[in-house]
Amino acid sequence: MVENSTEKTPDSEFNWKKVEEKWRKRWTENKIFESEFDSNKKKYFLTVAYPYPNSPQHVGHGRTYTLADVHARYKRMKNYNVLFPMGFHYTGTPIVSMSQRIKSNDIELIETFRQIYKIPDDIIPSFKEPKKIARYFHEEIKQGMKEMGYSIDWRREFTTIDKGYSKLISWQFRNLRKNGLIVQGSHPVGWCPQDQSPVSQHDTVGDIEPELIEYDLVKFKFEDYVIPTATLRPETLFGVTNLWVNPDIQYVIALINNEKWIITKEASRKLEYLNLSVSVVSEIKGSELIGKSVFNQLNNTYVPVFPASFVDPNNGTGIVMSVPAHAPYDYQAMIDLMNDNDTLLKYGIKVDIRPICIIHTDQFSSNNTSPAEGILAQYSIINQNDPKLEEATNKLYSEEFHAGKVLPDIDIIGNLSVLRAREIIREKIIKEEIGTTMYELKNEIKCRCGTTCVVKLLKNQWFINYGDKNWKNLAYELVDNMEILPEEIRQEFKNVIDWLKERACARKSGLGTRLPWDNEWIIESLSDSVIYMAYYPLSKFINNDTNLKVQDKVLADDLNDAFFDYVLLGKNDIDIDVVARDSKISTELLERIKNEFLYFYPVDSRHSGRDLIPNHLTFFIFNHTAMFPKDKWPKQIVVNGSVLMDGKKMSKSLGNIIPLRQAIDEFGADPIRLTMLASSEILQDSDFSFDSVKAIRSKLYDIYRTVKVHKSLFTITQNSLDDVELEDDWISSRIQRIILDTTSAIEKFRIREALHNILYLMDNDLQWYQKRKLAKKKSVCNNFLKEFLITRIKLLAPFAPFFSEEVWEIFGKRPFVSFESWPEINDSKISLNSEDNEKLIQDMIFDIQKITKVTKIVPQKIMIYTASTAKNKLYRKLLDRIQKESTANFGVIMKELVNDDEIKDFVKRSPDLVRKMIEDILSESLEVRERRLRMDSFDEMIPLQDGMSLLRNEIGDDKLEVRVFSEDDTDKYDPKQKSRFSRPYKPAIFIE
Ligand SMILES: [Zn+2]
């Protein structure tokens with residue numbers, strides 16, 4: 001959407017800093033974004049995930065908040081009583097570990113603070129205290145939000161370590177536990193060995209949520225050693241033909257629970273964190289194992305150990321069981337080895353294995369080949385380095401999992417589904433101790449402290465049980481009944497609900513609220529941030545706001561569970577007098593607080609980045625269903641993609657992180673807001689660049705200049721009605737069309753499209769309108785332009801609030817465009833044929849320009865011929881037929897027309913013309929066809945005559961002779977018989 005445009009307006013003409021300051025001041029003084037319970041107005045409550053204050057916000061952070069602010073401002077103009085509040089999330093370990101790094105004089109961090117964040121030298125030493133860090137960035141972020149023009153009610157601000165907030169979280173956790181949703185036990189979690197603490201998205205480099213894989217570890221035997229292999233498909237144990245070992249890896253012999261295991265060093269370390277007692281005894285080279293026979297304890301058979309370089313020491317135990325019939329990788333590795341004479345000779349081994357089929361699927365089973373061999377052929381895979389192998393593997397695994405059945409002659413699991421067979425084998429190997437469970441991380445993840453994370457089996461840890469079946473069902477119910485934008489993301493939520501299990505909800509360190517029944521633990525950051533939206537309607541009364549009178553506030557110390565039960569859950573069996581007494585407030589105040597909550601809750605819209613779907617947003621859904629009755633469940637979630645800088649991900653290492661406040665300082669808030677939103681639709685990553693910011697800023701300057709030039713429109717009252725000409729009807733109708741399209745785009749969060757309408761389509765309309773007036777030597781300074789400009793500024797107001805307020809003031813309108821009503825559609829101003837009128841003029845000029853350019857004629861005379869009445873009749877018939885039957889089949893239409901007496905001859909005489917007319921119709925949009933059908937008639941003569949002044953302006957001069965004839969006109973000047981080529985909406989042209 002970026003256009004090449006040089007900046008014409010210097011800051012002296014439009015000073016962003018002054019304008020922003022002025023309006024920020026006026027908004028604050030007039031408290032226009034402070035909203036209260038008002039029984040006469042519809043409310044709209046929207047929230048954004050609150051920021052974690054461990055760094056200043058950069059341009060990338062701004063997108064979600066800006067989107068939410070646009071939404072808030074739009075709803076306000078739609079006459080809702082909008083509540084848009086903000087809090088700050090202090091909970092967790094990252095701020096604490098940052099302060100530890102400052103204490104230990106970490107140069108890298110200190111330099112980041114100085115160079116990138118521009119924090120003054122005298123402040124940094126105070127960061128040894130975690131809360132000082134949080135408070136510093138808290139204020140920094142808040143200031144940035146104000147400078148961006150976010151319409152936030154700041155009276156409701158809080159931090160998650162405020163006492164009142166902690167009271168809410170304690171209440172939440174006691175309730176979850178009462179409902180059986182908090183469990184204590186041993187469960188695997190992502191873990192940082194350095195910090196001795198679980199890790200989640202907030203703690204990892206690159207903000208990656210750790211995903212765990214659960215393997216079955218199957219113990220093969222070799223002499224008195226255990227050789228364990230990790231597998232996701234234990235049912236295929238019956239099909240194992242050999243094991244794969246990497247000959248170049250150094251393995252270890254480790255004493256594990258009194259058995260001698262042969263595994264990689266990496267695996268021994270992983271198993272330690274899974275609470276096995278591990279002591280490494282000695283080392284053994286992979287090559288020493290090649291050719292040995294190992295014992296499969298499940299079916300009492302011996303299989304050989306073969307070499308394979310694809311075996312990765314970081315996966316599982318570094319030893320892999322081979323099932324060539326059902327694993328394409330194994331099959332291909334087997335073939336590759338058979339053909340590798342050097343290796344065979346080197347180890348003195350012979351490979352004569354036959355794949356053992358154990359699973360049947362209709363799609364992949366055959367009499368001659370194994371499923372793996374079949375699919376390799378299908379994908380034409382020739383060796384084990386082929387990237388298509390991955391895809392083939394996924395396809396076969398998925399098909400066998402969903403549609404596979406174990407062959408009848410297989411022991412124990414014959415004839416069972418793959419799913420059931422897997423459960424049985426898993427149970428059996430664990431019971432008989434020929435296998436166990438092993439966890440590892442799906443991808444390598446690093447903690448922010450730099451340490452590689454592992455999976456730890458945590459004992460006596462507190463978990464929120466997202467694996468609870470009934471709870472999952474409630475979460476599905478909420479997802480099914482809420483609005484999710486964009487709609488395509490709904491399934492992603494269901495997938496997350498699907499796989500979520502127990503999740504560690506407390507840690508031993510960090511900032512936050514202590515578990516109410518076990519004081520050693522602190523509730524972690526993705527668990528204390530799921531129902532806090534309910535605190536916003538209350539926080540106004542709990543804040544230490546000095547403006548609040550004593551009788552209007554409740555002290556955090558005096559809050560208790562009964563208070564929250566009464567206010568948030570409206571429990572009936574509670575004695576209001578007792579609640580008021582225990583909270584040391586009047587019953588009147590208690591009722592006021594409750595009414596405020598009942599009025600604003602539920603959340604109407606929750607905004608967040610797409611990266612929070614696998615955790616925060618889904619936990620938000622879960623916890624609302626657990627804590628609140630259905631009428632308090634959230635109504636909508638809006639998810640957006642992230643922001644790229646010049647096409648690249650923003651990161652410290654790339655040095656392309658631009659602090660938000662710095663960008664505002666340089667370019668102004670509105671150009672930044674618009675650039676964030678205009679470069680892509682909501683789910684895509686948007687590409688931010690300062691070139692786009694400049695282009696958009698100069699677009700705003702253009703609008704400003706147009707308003708200034710026509711300032712008199714707004715200061716002098718224009719009483720006289722203007723003479724209404726074709727282009728006036730048209731611009732008037734276009735305004736309605738833009739309102740209609742922009743409103744529906746905003747409703748569906750197609751923000752890019754909305755901005756395209758306001759910034760670019762409206763520009764095109766205005767330019768055309770000005771050209772037409774200029775050609776007629778008439779002024780555009782009229783009521784139509786006035787309406788156009790007023791509408792444009794109103795539409796722009798949610799997106800560019802500072803700019804719009806400033807222009808609104810030039811209009812002489814008061815006091816705030818922020819509180820104007822959103823433009824309504826006025827049907828009476830929609831003119832059906834005005835669009836065709838102007839289109840016809842445009843096309844005519846364009847066609848003539850094309851002809852003169854090609855033929856290099858300097859025209860003296862231009863003759864234009866409109867189609868005959870008979871052709872027009874035919875056009876309407878064709879249009880009607882195509883629309884009704886929705887057929888574009890030329891043959892069908894022709895057949896029908898030949899039977900129509902009225903036009904039979906016509907069709908017979910010139911089938912080519914009919915074909916062209918059908919093509920004309922089909923090339924128009926459905927909307928245009930519909931519109932033309934609704935018009936009784938359309939006289940092309942009128943616009944063509946009207947547009948003649950512009951045609952002369954564009955093509956020649958006043959002396960150019962231009963005439964318009966109808967084809968039916970017997971007196972027409974038509975020396976070359978051109979008029980017979982005319983078609984409706986496509987006049988014929990003759991130039992000489
Ligand atoms: Zn760490």
Side-chain angles (χ1 to χ4, degrees), residues 213-216 218 220 229-244 294 296 298-299 301-306 308-312 315-316 319-340 351-426 428-429 435:
I213 315 179
E214 181 178 346
Y215 285 118
D216 290 294
V218 182
F220 287 80
T229 65
T231 178
L232 292 167
R233 307 203 299 164
E235 72 281 5
T236 61
L237 259 174
F238 288 101
V240 172
T241 57
N242 62 288
L243 300 190
W244 299 115
V294 298
N296 182 346
L298 188 73
N299 60 358
T301 54
Y302 283 90
V303 293
V305 177
F306 287 146
S309 55
F310 72 81
V311 175
D312 180 349
N315 281 351
I319 299 172
V320 178
M321 64 186 222
S322 169
V323 186
H326 298 285
Y329 270 104
D330 292 336
Y331 188 89
Q332 189 59 49
M334 179 186 85
I335 298 294
D336 290 354
L337 182 61
M338 280 174 174
N339 295 326
D340 183 356
V351 179
D352 58 350
I353 45 184
R354 295 173 61 103
I356 304 166
C357 289
I358 55 161
I359 298 165
H360 173 90
T361 58
D362 291 342
Q363 200 183 338
F364 291 111
S365 293
S366 93
N367 292 331
N368 320 320
T369 56
S370 69
E373 188 183 353
I375 199 161
L376 286 170
Q378 199 181 315
Y379 278 80
S380 333
I381 287 164
I382 41 160
N383 64 50
Q384 55 186 300
N385 300 319
D386 196 319
K388 290 196 300 281
L389 248 175
E390 186 73 29
E391 199 186 327
T393 300
N394 289 338
K395 183 147 191 219
L396 182 59
Y397 281 16
S398 160
E399 181 64 21
E400 291 190 337
F401 179 73
H402 291 110
K405 225 175 152 186
V406 179
L407 296 174
D409 55 339
I410 304 294
D411 218 14
I412 313 168
I413 52 173
N415 279 324
L416 294 177
S417 71
V418 164
L419 181 65
R420 183 77 193 110
R422 187 170 300 177
E423 285 170 356
I424 287 176
I425 296 297
R426 183 170 288 162
K428 185 179 165 67
I429 59 176

Inset, instruction - Take Ile213 and Leu232 through the test side chain to side chain contact (heavy atoms under 4.5 Å, CB included) and record every step on the way to the result. - result: CA-CA 9 Å; Ile213 315 179; Leu232 292 167; 3.7 Å; yes
Inset, instruction - Measure the spacing between CG of Asn383 and CD1 of Ile335 and express it to the nearest 0.5 Å. - result: 12.0 Å
Legend entry - Residues Val311, Ile319; criterion side chain to side chain contact (heavy atoms under 4.5 Å, CB included); working and verdict: CA-CA 7 Å; Val311 175; Ile319 299 172; over 6 Å; no
Legend entry - Gap separating the CD1 atom of Ile412 from the NZ atom of Lys428, nearest 0.5 angstrom: 4.0 Å
Inset, instruction - With side chain to side chain contact (heavy atoms under 4.5 Å, CB included) as the test, would you mind laying out the steps for Leu298 and Phe238 before giving the verdict? - result: CA-CA 8 Å; Leu298 188 73; Phe238 288 101; 3.6 Å; yes
Inset, instruction - Measure the shortest side-chain to side-chain distance between Arg422 and Phe401 over non-hydrogen atoms and say whether it is less than 4.5 angstrom. - result: yes
Inset, instruction - Over all heavy atoms of both residues, which pair between Ile375 and Pro328 is shortest? Give the atoms and the distance, please. - result: CG2-CG, 3.9 Å
Legend entry - Donor-acceptor pair, side chain of Glu235 and main chain of Leu419, under 3.5 angstrom: no
Legend entry - Any donor-acceptor N/O pair, His360 side chain to Ser365 backbone, under 3.5 Å: no
Legend entry - Short side-chain to backbone donor-acceptor contact, His326 and Ile359, under 3.5 Å: yes
Inset, instruction - Can you measure from CG (Leu396) to CG (Leu376) and round to the nearest 0.5 angstrom? - result: 9.0 Å
Inset, instruction - Find out whether Phe220 and Val240 are in side-chain contact, i.e. whether some heavy atom of one side chain is under 4.5 Å from a heavy atom of the other. - result: yes
Legend entry - Distance in Å, Asp409 CG paired with Cys357 SG, rounded so as to fall on 0.5 Å steps: 10.5 Å
Inset, instruction - Identify the two heavy atoms, one from Ala392 and one from Ile381, that lie closest to each other, and give their separation to 0.1 Å. - result: CB-CD1, 4.1 Å
Inset, instruction - Check for a donor-acceptor pair, side chain of Arg233 on one end and backbone N or O of Tyr397 on the other, with a separation under 3.5 Å. - result: no
Inset, instruction - Measure the shortest side-chain to side-chain distance between Ile353 and Phe306 over non-hydrogen atoms and say whether it is less than 4.5 angstrom. - result: yes
Legend entry - Nearest-0.5 Å distance, CZ of residue Phe364 to CD of residue Glu399: 6.0 Å
Legend entry - Trp244 and Phe310 aromatic ring geometry - parallel, tilted or perpendicular at 30°/60° bounds: perpendicular
Legend entry - Test item: Met334 and Asn242 side chains (from C-beta on) under 4.5 Å apart, heavy atoms: no
Inset, instruction - Answer whether the closest heavy-atom distance between the side chains of Glu373 and Pro355 falls below 4.5 Å. - result: no
Inset, instruction - Could you tell me whether the side chain of Thr241 reaches within less than 4.5 Å of the side chain of Val303, counting heavy atoms only? - result: no
Legend entry - Sub-4.5 Å side-chain heavy-atom contact between Val218 and Thr229: yes
Inset, instruction - Check each of Leu237, Leu407, Ile424 against Ile413 using the side-chain contact (heavy atoms from CB on, under 4.5 Å) test, and report the only one that passes. - result: Ile424
Legend entry - Within residues 411-421 or reaching into it, pairs that qualify as side chain to side chain donor-acceptor pair (under 3.5 Å) - sequence neighbours excluded: Arg420-Glu423
Inset, instruction - Calculate, to the nearest 0.5 Å, the distance between atoms OG1 and CG belonging to Thr301 and Asn296 respectively. - result: 4.5 Å
Legend entry - Side-chain (Ser366) to main-chain (Thr369) donor-acceptor, under 3.5 angstrom: yes
Inset, instruction - Determine, step by step, whether Tyr331 and Ser370 satisfy the side chain to side chain contact (heavy atoms under 4.5 Å, CB included) criterion, reporting the C-alpha distance in whole Å, the side-chain angles of both residues, the deciding distance to 0.1 Å, and the verdict. - result: CA-CA 9 Å; Tyr331 188 89; Ser370 69; 4.2 Å; yes
